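A short write-up of the structure that comes next.
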Amino acid sequence: MTEAFIHYLWQFQQFNKTLLQTTNQEPIKVLKTGILNTDAGPDFSQARLQIGEIEWAGNIEIHIKSSDWNNHNHQFDGAYNNVILHVVWHHDKPILREDGSEIPTLELRPITDGVLLNKFQTLLANKTVIPCASQFRTVSALARIATLDKVLAKRLIQKSKIVEELLGENNGDWEETTYQLLAKNFGFKINSEAFLRLAKNLPLKILQKHRDNLTQIEAILFGQSGLLEEVDEYSKKLAQEYNFFAVKFSLKAQMLNVHEWKLLRTRPANFPTIRIAQLAKLITLQKSFFSLFTQTESIEDLRRALQIQQSEYWQEHYHFDKKAERKSKGIGKDSVDNLLINTVIPLLACYSQKMDNQSYMDRAIAFLESLPPESNHIIDMWKNLGLTIKSAFDAQASIELYNNFCSQKKCLQCNIGVEILKK
Ligand code: SF4
């Protein structure tokens with residue numbers, strides 16, 4: 001037995017409700033089950049019950065055994081004084097309040113359907129990576145849609161928290177935050193931490209002073225990244241420029257070490273040198289990333305703004321002094337979409353919450369619905385189970401569902417799991 005299952009039984013009232021009574025045979029009428037509390041304190045708040053002749057309003061606490069109340073030291077915690085019903089699987093001991101009165105207790109084991117319990121145990125005992133895989137095709141479209149909507153909302157909130165953290169570090173400076181977020185995503189996972197450090201150590205305000213000069217922007221970015229090698233005419237020019245700016249803006253103490261970058265097992269198009277050159281070009285083209293990402297209403301306009309070509313040198317090189325076999329075509333379509341999903345969407349979600357303006361969140365969702373799905377093994381698993389994945393919205397939701405629900409067996413918090421148990 002798990003407390004999560006008892007939560008589920010109480011939340012959806014999945015037990016025999018005829019002659020519902022406390023362990024002291026007082027009749028119980030559930031007027032409101034209460035609101036599930038995922039923070040500290042009792043499990044459900046704002047419940048309303050009639051026990052005997054008296055109507056109560058307060059909290060519900062859930063345990064496997066009644067004695068868990070004392071094992072969890074709730075008898076010493078004032079947050080539990082307003083518990084009006086103790087819901088347990090097995091009643092092994094009367095539990096007393098501080099004033100000596102007994103807390104009314106509902107024991108669920110005798111009134112729970114054995115078939116339901118069996119279904120729950122079978123689902124959780126399943127060793128496949130998606131525990132409901134064998135039943136997934138029988139789940140209604142409504143339950144699938146409701147689940148994807150719910151988990152996507154959760155994912156957006158989580159992603160917007162990352163933006164919020166950066167915003168806090170930047171004392172509310174949206175422009176600097178957007179630049180750092182964008183730079184991080186130029187690392188395309190493998191170098192995202194190094195890119196973020198580069199951006200944090202190199203304020204956008206410094207780069208913006210030289211927006212009209214691509215060589216200077218490249219010099220500052222490459223110099224500060226620790227990747228600059230003086231091996232040819234171009235790199236020597238960059239080094240000369242960087243040395244000047246490093247003194248002027250006191251940059252050297254914050255310079256990255258070359259070992260912070262991952263260069264092995266990286267596709268040439270994803271080499272940090274190429275991505276830095278592309279970021280440099282974007283900085284020269286955009287006066288404000290924040291305005292671009294929050295004020296542009298068309299996804300195609302955003303795509304056009306990001307689909308740029310780096311400087312000529314970096315079209316022909318992947319490393320300093322090493323000519324590429326094939327000329328680089330600039331930021332590819334998939335990379336642009338990746339930047340939009342990981343930069344613009346979380347930024348709009350965070351901005352929407354901060355400004356208390358739903359229109360930005362609506363736009364983030366509309367963008368996700370219009371972008372194509374990415375391709376990875378999680379999405380392939382869902383497709384094999386018959387889940388329709390037509391857009392980035394479906395893809396992001398299905399990744400969230402797998403990572404934060406299925407793989408943690410949180411089936412009771414998932415509409416699909418709830419429907420499977422109800423069948
Ligand atoms: S969390 Fe939901 S979708 Fe995932 S395995 Fe459990 S019931 Fe299925």
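Computed from a predicted model, the values in this text were never measured in an experiment.
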- Query: How many angstroms lie between atom OG of Ser134 and atom CG of Leu123, to the nearest 0.5 angstrom?
  - Reply: 8.5 Å
- Flag side-chain contact, heavy atom, 4.5 Å: Leu108 against Val87: yes
- Query: Is there side-chain contact between Asp43 and Trp10, with at least one heavy-atom pair below 4.5 Å?
  - Reply: no
- Task: Could you give me the CA-CA distance, side-chain angles and deciding distance for Leu339 and Phe186, then say whether side-chain contact (heavy atoms from CB on, under 4.5 Å) is met?
- Result: CA-CA 7 Å; Leu339 288 170; Phe186 259 90; 4.0 Å; yes
- With the side chain counted from C-beta on, respond yes when Leu412 and Leu421 share a heavy-atom pair under 4.5 Å apart, and no when they do not. yes
- Item | Value rounded to 0.5 Å, distance of CZ in Phe245 from CD1 in Ile217 | 8.5 Å
- Item | Glu3: partners by side-chain hydrogen bond (donor to acceptor under 3.5 Å, both in side chains), with sequence neighbours left out | none
- Any side-chain hydrogen bond (donor to acceptor under 3.5 Å, both in side chains) involving residues 188-198? Give me the pairs, sequence neighbours left out, ordered by first then second residue. Arg197-Glu260
- Task: I would like to know whether Glu164 and Lys161 meet salt bridge (charged side-chain N to carboxylate O under 4.0 Å, His left out); could you show each step before the answer?
- Result: CA-CA 5 Å; Glu164 203 177 337; Lys161 275 192 184 142; over 6 Å; no
- Task: Take Asn342 and Asn338 through the side chain to side chain donor-acceptor pair (under 3.5 Å) test and state the conclusion after the steps.
- Result: CA-CA 6 Å; Asn342 292 304; Asn338 189 303; 2.8 Å; yes
- What distance do Thr284 atom OG1 and Leu282 atom CG have between them, rounded to the nearest 0.5 Å? 7.5 Å
- Residues pairing under salt bridge (charged side-chain N to carboxylate O under 4.0 Å, His left out) where one sits in residues 218-242, two or more places apart or in two chains, turn out to be Lys237-Glu241
- Got a sec, which pairs hit salt bridge (charged side-chain N to carboxylate O under 4.0 Å, His left out) with one end in residues 362-371, sequence neighbours left out? none
- So, Asp394 side chain and Ile389 main chain: donor-acceptor pair closer than 3.5 Å or not? no
- Any donor-acceptor N/O pair, Trp314 side chain to Gln278 backbone, under 3.5 Å: no
- Query: Do the rings of Tyr8 and Phe5 sit parallel, tilted or perpendicular, given the 30° and 60° boundaries?
  - Reply: parallel
- Task: Determine which pairs satisfy salt bridge (charged side-chain N to carboxylate O under 4.0 Å, His left out) with at least one residue from residues 170-179, sequence neighbours left out, and list them in order.
- Result: Asp173-Lys205, Glu176-Lys205
- Message: Strictly distance-based, threshold 3.5 Å: is any side-chain N or O of Asn201 a donor or acceptor partner for the main-chain N or O of Gln254?
- Response: yes
- Is Glu400 reaching over with its side chain to a backbone N or O of Leu152, donor-acceptor style, under 3.5 angstrom? no
- Query: For Lys17, what residues pass the salt bridge (Lys or Arg N to Asp or Glu O under 4.0 Å) criterion, not counting sequence neighbours?
  - Reply: none
- Counterpart residues, salt bridge (Lys or Arg N to Asp or Glu O under 4.0 Å), relative to Arg304 (two or more places apart): Asp301
- Message: For a 4.5 angstrom cut-off between non-hydrogen side-chain atoms, does Ile379 reach Asn376?
- Response: yes
- Message: I'd like to check the salt bridge (Lys or Arg N to Asp or Glu O under 4.0 Å) partners of Asp68; sequence neighbours left out, ordered by chain and number.
- Response: Lys65
- Charged N-O contact under 4.0 Å between Lys422 and Glu419: no
- Message: Given 3.5 Å as the limit, does a donor-acceptor pair link the side chain of Thr343 with the main chain of Leu340, or not?
- Response: no
- Task: Anything under 30° is parallel, anything over 60° is perpendicular, the rest tilted; go ahead and classify His63 against His86.
- Result: perpendicular
- Task: Please check if the side chain of Ser407 supplies one atom and the backbone of Tyr402 the other of a donor-acceptor pair under 3.5 Å.
- Result: yes
- When you look at Asn37 and Ser45, which way does the side chain to side chain donor-acceptor pair (under 3.5 Å) test go after all the steps? CA-CA 7 Å; Asn37 173 27; Ser45 59; over 6 Å; no
- Message: Does Leu167 form a side-chain contact (heavy atoms from CB on, under 4.5 Å) with Tyr351? I'd like the steps, not just the answer.
- Response: CA-CA 10 Å; Leu167 189 66; Tyr351 194 57; over 6 Å; no
- Ile283 CD1 to Gln208 CD distance, which is reported to the nearest 0.5 Å: 8.0 Å
- Query: Within the side chain of Asn243, is there an N or O that forms a donor-acceptor pair under 3.5 Å with the backbone of Ala239?
  - Reply: yes
- What pairs with Ser291 under side-chain hydrogen bond (donor to acceptor under 3.5 Å, both in side chains), at least two apart in sequence or on another chain? Ser288
- For Ser359, what residues pass the side-chain contact (heavy atoms from CB on, under 4.5 Å) criterion, not counting sequence neighbours? Asn357
- Note on the structure: Quick note, salt bridge (charged side-chain N to carboxylate O under 4.0 Å, His left out) partners involving residues 269-291, not counting sequence neighbours, are none
- Arg144 (side chain) donor-acceptor with Ile416 (main chain) under 3.5 angstrom: no
- Item | Donor-acceptor pair, side chain of Gln224 and main chain of Leu256, under 3.5 angstrom | no
- So NE2 of His7 and CG of Leu36: to nearest 0.5 Å the spacing works out to 6.0 Å
- Item | Glu107/His91 under side chain to side chain donor-acceptor pair (under 3.5 Å): CA gap, chis, key distance, verdict | CA-CA 6 Å; Glu107 186 180 34; His91 182 55; over 6 Å; no
- Query: What are the two closest non-hydrogen atoms of Ser398 and Trp382, and how far apart are they?
  - Reply: O-NE1, 3.0 Å
- Item | Side-chain donor or acceptor of Glu300 paired with backbone N/O of Ser298 under 3.5 Å | no
- Query: Leu347 versus Leu182: any side-chain heavy-atom pair under 4.5 Å?
  - Reply: no
- Any side-chain heavy-atom pair from Ile103 and Tyr80 closer than 4.5 angstrom? no
- Is there side-chain contact between Ser391 and Ser370, with at least one heavy-atom pair below 4.5 Å? no
- Task: Might you work through the side-chain contact (heavy atoms from CB on, under 4.5 Å) test for Lys209 and Phe249, ending with a clear yes or no?
- Result: CA-CA 11 Å; Lys209 289 191 176 106; Phe249 298 117; 4.2 Å; yes
- Query: Which heavy atom of Lys390 sits nearest a heavy atom of Pro373, and at what distance?
  - Reply: O-CD, 3.4 Å
- Item | Gap separating the CD1 atom of Ile345 from the CD atom of Gln396, nearest 0.5 angstrom | 8.5 Å
- Parallel, tilted or perpendicular: ring planes of Tyr313 versus His317, cut at 30 and 60 degrees: parallel
- Task: Only counting residues at least two apart or in another chain, list the ones meeting ring pair (Phe, Tyr, Trp, His ring centres under 6.0 Å) with Phe405.
- Result: none
- On the 0 to 90° scale, with breaks at 30° and 60°, tag the Trp261-Phe195 ring pair as parallel, tilted or perpendicular. perpendicular
- Message: Within the 4.5 Å heavy-atom criterion, are Ile84 and Ile60 side-chain neighbours or not?
- Response: yes
